[in-house]
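Structure, as structure tokens:
Sequential numbering from 1 along the given sequence is applied to the chain's residues. Every value quoted in this text rests on a predicted model; they were computed, and no experiment measured them.
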Amino acid sequence: VQLQACGGGLVQAGDSLRLSCAASGRTDRIQVMGWFRQAQGKEREYVAGIRWSSGTTNYADDTKGRFTISRDDANSMLYLQMNSLKPEDTAVYSCLADLEGSSWYGLARGGSSSVSWGRGTQVTVSS
């Protein structure tokens, strides 16, 4: 599975932004997908996840209520709607597809042994 994320940019605090992740290849194998971010000088952190077949979602505590993960399984697209952005949301955002399936706990730690990562997209939030 190949992934390509896009939609990042420079916004002001309080603004909204929607990221997209296009999946191609063996998308029929996708079990769960997620968004992660990595700020400069910091470790990668989990943002949100979604089970591909059911649409069940999960969020990190600091994005819950502000971010919404969704998918269009017919077109193999993953989205992250980000509202009320804060400067601390500044990071490179990447999408992940897990082909074996993971618990939310496992997904938050990078998923199973069979995952694909997309190249990230930069989100910068100015104060």
Side-chain angles (χ1 to χ4, degrees):
V1 175
Q2 294 78 46
L3 304 173
Q4 179 64 54
C6 64
L10 173 63
V11 297
Q12 294 186 329
D15 284 352
S16 298
L17 204 59
R18 189 174 86 150
L19 305 183
S20 301
C21 175
S24 61
R26 289 296 307 275
T27 57
D28 58 303
R29 297 183 59 196
I30 296 174
Q31 300 298 313
V32 61
M33 292 192 72
W35 286 99
F36 291 74
R37 65 186 181 186
Q38 186 167 19
Q40 191 171 7
K42 295 187 177 181
E43 293 186 355
R44 183 183 65 204
E45 64 176 358
Y46 172 71
V47 174
I50 187 166
R51 299 213 177 276
W52 202 244
S53 60
S54 68
T56 304
T57 59
N58 177 263
Y59 296 90
D61 287 342
D62 58 354
T63 62
K64 196 176 300 182
R66 297 190 300 124
F67 291 8
T68 302
I69 188 171
S70 63
R71 94 275 193 242
D72 176 356
D73 55 349
N75 293 298
S76 301
M77 292 293 297
L78 177 73
Y79 302 102
L80 184 68
Q81 177 66 42
M82 304 185 292
N83 298 329
S84 302
L85 282 162
K86 306 174 182 179
E88 50 265 43
D89 294 319
T90 295
V92 175
Y93 285 71
S94 301
C95 51
L96 170 150
D98 193 322
L99 308 185
E100 292 184 358
S102 299
S103 64
W104 295 129
Y105 178 87
L107 180 66
R109 283 147 186 81
S112 73
S113 60
S114 184
V115 298
S116 294
W117 286 95
R119 183 176 296 182
T121 184
Q122 176 71 46
V123 173
T124 303
V125 185
S126 63
S127 58

| query | Do Val125 and Asp15 come within less than 4.5 Å of each other through their side chains, counting heavy atoms only? | reply | no
| query | Are Trp35 and Val92 joined in one hydrophobic group, where the rule is that I, L, V, M, F, W and Y side chains link up if heavy atoms are under 4.5 Å apart? | reply | no
| Got a donor-acceptor contact below 3.5 angstrom from the Asp98 side chain to the Ser112 backbone? | yes
| task | Group every Ile, Leu, Val, Met, Phe, Trp and Tyr by side-chain heavy-atom contacts under 4.5 Å, then state whether Val32 and Leu78 land in the same group. | result | no
| How far apart are the C-alpha atoms of Asp73 and Ile30, what are their side-chain angles, what is the distance that settles it, and do they pass the side-chain contact (heavy atoms from CB on, under 4.5 Å) test? | CA-CA 10 Å; Asp73 55 349; Ile30 296 174; over 6 Å; no
| task | Compare every heavy atom of Ala91 with every heavy atom of Gln122, then report the nearest pair and how far apart it is. | result | NE2-O, 3.4 Å
| request: State whether Lys64 and Asp61 are salt-bridged, where the test is any N-O pair (Lys NZ or Arg NE/NH1/NH2 against Asp/Glu carboxylate O) under 4.0 Å. | output: yes
| field | Short side-chain to backbone donor-acceptor contact, Thr124 and Gly9, under 3.5 Å | value | no
| Just how far is it from atom CD of Gln12 to atom OG of Ser127, taken to the nearest 0.5 Å? | 9.0 Å
| said: If we ignore hydrogens and angles and just use 3.5 Å, is the side chain of Arg18 paired with the main-chain N or O of Tyr79 as donor and acceptor? | reply: no
| query | Of all heavy-atom pairs between Tyr93 and Ala5, which one has the smallest distance, and what is that distance? | reply | O-CB, 4.4 Å
| Are Thr90 and Val123 close enough that some pair of their side-chain heavy atoms sits under 4.5 Å apart? | no
| said: For Met77 and Ser20: C-alpha separation, side-chain torsions, deciding distance, then whether side-chain contact (heavy atoms from CB on, under 4.5 Å) applies. | reply: CA-CA 7 Å; Met77 292 293 297; Ser20 301; 3.9 Å; yes
| field | Sidechain-backbone polar pair: Ser116 side chain, Val1 backbone, donor-acceptor under 3.5 Å | value | yes
| request: Determine whether Leu17 and Ile50 fall in the same hydrophobic cluster, where Ile, Leu, Val, Met, Phe, Trp and Tyr are linked whenever their side-chain heavy atoms lie under 4.5 Å apart. | output: yes
| task | Identify the heavy atoms of Arg29 and Ser114 that sit nearest to each other, and give their distance. | result | NH2-OG, 4.2 Å
| query | Under the 3.5 angstrom rule, does the side chain of Arg66 hit a backbone N or O of Ser84 as a donor-acceptor pair? | reply | yes
| request: Taking all heavy atoms of Arg37 and all of Asp62, pick out the closest pair and write down the distance. | output: NH2-OD2, 3.2 Å
| query | Between Asp89 and Phe67, is any pair of side-chain heavy atoms under 4.5 Å apart? | reply | yes
| field | Close side-chain approach of Ser113 and Glu100, heavy atoms under 4.5 Å | value | yes
| query | Minimum heavy-atom separation for Ser54 to Thr56, with atom names? | reply | OG-OG1, 2.9 Å
| query | Which heavy-atom pair separates Thr68 from Tyr59 by the least distance, and what is that distance? | reply | CA-OH, 3.3 Å
| task | Supply the atom-to-atom distance Leu85 CG to Thr63 OG1, rounded to the nearest 0.5 angstrom. | result | 11.0 Å
| Evaluation steps, side-chain contact (heavy atoms from CB on, under 4.5 Å), between Trp52 and Thr27 | CA-CA 10 Å; Trp52 202 244; Thr27 57; 5.7 Å; no
| task | For Leu80 and Val47, run side-chain contact (heavy atoms from CB on, under 4.5 Å): C-alpha distance rounded to whole Å, both residues' side-chain angles, the deciding distance at 0.1 Å, then the answer. | result | CA-CA 9 Å; Leu80 184 68; Val47 174; 4.0 Å; yes
| Cys95 and Cys21: disulfide bond (SG atoms under 2.5 Å apart), yes or no, with the steps? | CA-CA 6 Å; Cys95 51; Cys21 175; 2.1 Å; yes
| request: Check the hydrophobic clustering (I, L, V, M, F, W, Y; side-chain heavy atoms under 4.5 Å; chains of links allowed) and say if Ile69 and Met33 are grouped together. | output: yes
| request: Determine, step by step, whether Tyr46 and Trp104 satisfy the ring pair (Phe, Tyr, Trp, His ring centres under 6.0 Å) criterion, reporting the C-alpha distance in whole Å, the side-chain angles of both residues, the deciding distance to 0.1 Å, and the verdict. | output: CA-CA 10 Å; Tyr46 172 71; Trp104 295 129; 7.4 Å; no
